[in-house]
There are 2 protein chains.
Amino acid sequence: MGSGLNLNILLRIFSYDYLSLTNRYTIDDMNATPSLPATAYAVLGLLTFGHDLSGYELRGWAQGSFRHFYWSPAQSQIYRELKKLEEVGFVESSAVPQADRPDKTAYTITEIGRRALSHWVASKPVDRPVLKHHPAMRLFFGHLVEPSLLIEILEEHVSSLMQTLDDLEMQSAALTGDETSGFSPLVFDWAAEIHRGDLRGAEMVIKHLTTRG
Amino acid sequence: MGSGLNLNILLRIFSYDYLSLTNRYTIDDMNATPSLPATAYAVLGLLTFGHDLSGYELRGWAQGSFRHFYWSPAQSQIYRELKKLEEVGFVESSAVPQADRPDKTAYTITEIGRRALSHWVASKPVDRPVLKHHPAMRLFFGHLVEPSLLIEILEEHVSSLMQTLDDLEMQSAALTGDETSGFSPLVFDWAAEIHRGDLRGAEMVIKHLTTRG
DNA sequence: CGTTGCATGTAAGGTGTTACATGATTAC
DNA sequence: GTAATCATGTAACACCTTACATGCAACG
């Protein structure tokens, strides 16, 4: 362990109230990753693709990029995560003058933020994916309603899936070959496979319901 | 609208603090569905398969049945939802004497609970599925770490998926043909398709990473 | 002249988790 | 005897959302 580290600091780093930290991390502290919520790292990670972004822009990027394989956080939460990240020293903000507009606050990832993030990316255990499949939940209790109502719900789900697939294929195509996009096209392809599985399943269910209902 | 219904009651029913309700629902109020969280309906729905269950048993059933297509709530939350459900009159509890053990409290769905649930099952809009795919999120930021670490994470995910698939296939096989299981085998088959899509995607990613890393 | 987009936030409260407390029974 | 399972809960708090407030600029 490095120079600036004592038990007191460690306790504060790994306790939940990191918001009350007055000291920032030093590189010496980086033997372990502090327990920031995954959302904080997700926001932090968006700053590693080479652009300094404002809270507002981050919201847009989050919506555009993780929408289909992670949920996208509410805008108010992004601002809150940014505040926390700045307090622990993982990002730095700077005012960017805008023509004829109030300034915007752009965030840059710091070296120490980058290290913490890299550590988190490879850290284990990785939580298992969490799926909250509302249409499947409706089917699970489908014995309580008319099959025709179930089919309606399923068909809406199918058409929403097709839109999602279109979107994913477009995004993947647009980014493949782009040096700065990292593994994101690969992630979009992966997400597309998941959604195609969902589609196959939903169509199987519809077929089952129509041939005996 | 029915006899016992006035604006005041409506406001209380559709406001969030249904916990403070002193009046219970009557069947007349059932033209619409109150905004209970999906979790409450999920718990309520488990009581429609013909068994009266205790909080403890419900936790087990939830874990066993929706684990793979919905998340399973913490035990403490199940107890809280049951309390709420009883307060609005959707379930009734009765003490069941246990040999040589403290009594357990078994819950039964009421007629009005059943109506509310049926209404909810067919109500729209149905929320889109929410996926929080942690391994995919790691890959999304994979440009920050060694590819070998990514492959490790992916391979662990693959083996976890295979267990899930085994589990789903077993459950589907066990329940197919069982009159009392409703559509649940169909849901398990659907979930299996989703997980097979995930598997296909993860294997594609691994192949991609190994052939150029 | 109203709506949409950019941009940043606060207030309030719902949703869900972890950790703990309790107590008896069964199994090793 | 000590661990695991059955069984029920409370306390504390992390996480996240909705709704609102603000202000300016551009579009039609």
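Source: prediction; values computed, not measured. The sequence lines fix the lettering, A, B, ..., with proteins before strands; numbering per chain opens at 1.
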Peer 1: Give S76(A) one of three labels, base, sugar-phosphate or nothing, depending on what nucleic acid heavy atoms sit under 4.0 Å from its own.
Peer 2: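 Here S76(A) touches the bases of the nucleic acid.
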Peer 1: Any salt bridge between R196(A) and E193(A), counting N to O under 4.0 Å?
Peer 2: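 Looking at E193(A) together with R196(A), the answer is yes, because their closest N to O distance falls below 4.0 Å.
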Peer 1: Between dT10(C), dT8(C), dC16(D), which nucleotide has the shortest distance from any of its atoms to the side chain of K83(A)?
Peer 2: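 Selected nucleotide: dT10(C).
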Peer 1: Ignoring hydrogens and angles, answer whether the base of dT17(D) and the side-chain atoms of R80(A) contain a donor-acceptor pair closer than 3.5 Å.
Peer 2: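 Under the 3.5 Å cut-off, the side chain and the base do form a donor-acceptor pair.
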Peer 1: Rounded to whole angstrom units, what separation is found between the CD atom of E57(B) and the P atom of dT8(D)?
Peer 2: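 In whole Å, dT8(D) P and E57(B) CD are 8 Å from each other.
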Peer 1: Whether E86(A) and K83(A) form a salt bridge (side-chain N of Lys/Arg under 4.0 Å from carboxylate O of Asp/Glu) is what I want to check.
Peer 2: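 No, this pair does not count.
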Peer 1: What about R59(B), does its side chain sit under 3.5 Å from the base of dT8(D) through a donor-acceptor pair?
Peer 2: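 Counting by modelled atom types and ignoring angles, no donor-acceptor contact under 3.5 Å is found here.
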Peer 1: Between K132(A) and D127(B), does at least one N-O distance fall below 4.0 Å, as a salt bridge requires?
Peer 2: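 No, this pair does not count.
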Peer 1: So do the side chains of L46(B) and F66(B) get within less than 4.5 Å of each other, counting heavy atoms only?
Peer 2: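 They are in side-chain contact.
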Peer 1: What is the distance, rounded to the nearest whole Å, between atom CH2 of W71(B) and atom P of dT18(C)?
Peer 2: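 Interatomic distance, CH2 of W71(B) to P of dT18(C): 13 Å.
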Peer 1: Looking only at side-chain N and O atoms, does T105(A) come under 4.0 Å of OP1 or OP2 in dT8(C)?
Peer 2: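 Yes, within the criterion.
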Peer 1: For the pair made of CD in Q63(A) and C1' in dC16(D), what is the distance, rounded to whole Å?
Peer 2: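 For the pair Q63(A) CD and dC16(D) C1', the rounded distance is 15 Å.
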Peer 1: Could you check how far CG of L36(B) sits from P of dG16(C), rounded to whole Å?
Peer 2: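 In whole Å, dG16(C) P and L36(B) CG are 12 Å from each other.
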Peer 1: Could you check which of dT8(C), dT8(D), dC15(D) has an atom nearest any side-chain atom of P37(A)?
Peer 2: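 It is dC15(D).
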Peer 1: Choosing from dC16(D), dT17(D), dT8(D), which nucleotide comes nearest the side chain of P73(A)?
Peer 2: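 The nucleotide sitting nearest to the side chain is dT17(D).
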Peer 1: Taking only side-chain nitrogens and oxygens of K104(A), does any of them come within less than 4.0 Å of OP1 or OP2 of dG9(C)?
Peer 2: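 Indeed not, no polar side-chain atom of K104(A) lies that close.
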Peer 1: Specify the separation, in whole Å, of atom CD of Q75(A) and atom P of dA11(C).
Peer 2: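 It is 15 Å, rounded to the nearest whole Å.
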Peer 1: Report the distance from atom CD of Q77(B) to atom P of dG9(D), rounded to the nearest whole Å.
Peer 2: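 Atom CD in Q77(B) sits about 16 Å away from atom P in dG9(D).
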Peer 1: Nearest-nucleotide wise, let me know which of G55(B) and A38(A) is further upstream toward the 5' end of DNA chain D.
Peer 2: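 It is G55(B) whose nearest nucleotide is closer to the 5' end.
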Peer 1: Could you go through the side-chain contact (heavy atoms from CB on, under 4.5 Å) check for K124(A) and E156(B) one step at a time?
Peer 2: CA-CA 10 Å; K124(A) 294 194 213 171; E156(B) 274 171 38; 2.9 Å; yes
Peer 1: dC6(C) P sits how many Å from Y56(A) OH, rounded?
Peer 2: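 Spelled out: OH on Y56(A) to P on dC6(C) is 4 Å.
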Peer 1: For dC15(D) and K132(B) - does any side-chain N or O of the residue sit under 4.0 Å from the phosphate oxygens OP1/OP2?
Peer 2: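 Answer is no, no contact under 4.0 Å.
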Peer 1: Round to the nearest Å and state the distance from L82(A) atom CG to dG9(C) atom P.
Peer 2: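 The answer, rounded to whole Å, is 9 Å.
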Peer 1: So, is Y79(B) close to the dG9(D) phosphate, meaning a side-chain N or O under 4.0 Å from OP1 or OP2?
Peer 2: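 Answer no for this pair, as no side-chain N or O of Y79(B) is under 4.0 Å from OP1 or OP2.
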